[in-house]
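Only heavy atoms go into these numbers, but all of them, side chains included; no hydrogens, no water, no symmetry mates. Counting convention: from 1, in listed order, for ligands and their atoms alike. Sequence positions, counted from 1, serve as the residue numbers for this chain.
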Amino acid sequence: MTQQTNIAIFASGGGSNAEALMTYFANHEKIKIALVITNVESAGVIAKAYKFGIPSRFIAKKDFLDAEIVSTLLSDFKINYIVLAGFLLLIPAYLINAFERRIVNIHPALLPAFGGKGMYGANVHKSVVAAKAKMTGITIHYCNADYDEGSIIFQAASKVFETDTAEDIAHKVLKLEHAYYPPTIERVVNL
Ligand code: GRF
């Protein structure tokens with residue numbers, strides 16, 4: 001019997017990356033998106049999970065600090081990997097320790113550039129414009145106890161033109177994210 005790997009997606013927002021992952025793994029023989037966890041009760045990702053028949057759970061920020069609550073949920077769903085897709089809370093140490101090299105994040109820039117606390121969503125792309133950077137892109141990396149500092153698994157770059165707005169960049173970067181995040185997760189799980 002082939003061993004199945006169960007993934008929990010953690011997301012705080014609209015969940016377009018989560019949707020790309022759910023689509024990619026919908027009929028996968030070994031990898032299943034088994035659970036979606038969000039810290040935002042109204043997050044768009046909840047409806048996306050529902051559409052795919054994937055259970056979702058809301059966990060309030062304060063409850064994320066409660067190892068008992070989160071660990072019980074993850075073990076109930078037999079979760080092997082955690083994939084962060086636009087998740088805005090810092091991952092607590094107890095989870096980093098329990099899932100060493102089994103938590104993966106995506107960042108919408110070429111780390112170490114434009115990373116760290118406060119560097120998320122539009123802030124990242126606005127900083128890219130302000131710095132007149134010639135290139136930006138995506139970084140898929142393991143998650144450690146600090147924002148955006150775990151070891152890098154994959155990067156893809158995209159040119160920034162002088163005329164690009166933060167929205168133009170966000171659009172280009174999201175396309176890269178959707179194209180590369182699912183197959184990179186597949187590769188990480190199969191390592
Ligand atoms: C993505 O750009 C991701 O890299 C970042 O937040 C954005 C989330 O978009 N961390 P979505 O919720 O997946 O649409």
| Near-ring test Phe154/Tyr180, centroid separation under 6.0 angstrom | yes
| Under 6.0 Å between the ring centres of Phe87 and Phe64? | yes
| If we only count N/O pairs under 3.5 Å, is Ala85 in contact with ligand 1? | no
| Close side-chain approach of Ile79 to Phe99, heavy-atom, < 4.5 Å | yes
| Side chain proximity check, Leu89 to Ile91, heavy atoms < 4.5 angstrom | no
For [atom], closest protein heavy-atom neighbour:
{"atom": "atom 12 (O) of ligand 1", "answer": "Gly15 N, 2.9 Å"}
{"atom": "atom 6 (O) of ligand 1", "answer": "Gly86 CA, 3.7 Å"}
{"atom": "atom 14 (O) of ligand 1", "answer": "Ser16 OG, 2.5 Å"}

| In ligand 1, which numbered atoms sit nearer than 4.0 Å to a non-hydrogen atom of Ile106? | 4 (O), 10 (N)
| request: May I ask you to list the atoms of ligand 1 that are less than 4.0 angstrom from any heavy atom of Gly14? | output: 12 (O)
| task | Please verify whether a non-hydrogen atom of Gly121 lies at under 4.0 Å from ligand 1. | result | no
| To the nearest 0.5 Å, how far apart are CD in Glu177 and NZ in Lys172? | 14.0 Å
| request: Report the distance from atom CD1 of Ile31 to atom CG of Asn6, rounding to the nearest 0.5 Å. | output: 10.5 Å
| message | Just to be sure I'm reading this right: ignoring hydrogens, which of Leu176, Val173, Asn17, Leu84 gets closest to atom 13 (O) of ligand 1? Compare them by their nearest heavy atoms. | response | Asn17
| task | Would you mind finding which of Glu19, Glu177, Met119 brings a heavy atom closest to atom 4 (O) of ligand 1? | result | Glu177
| request: Check whether the side chains of His178 and Glu19 place a donor and an acceptor atom closer than 3.5 Å, and report yes or no. | output: no
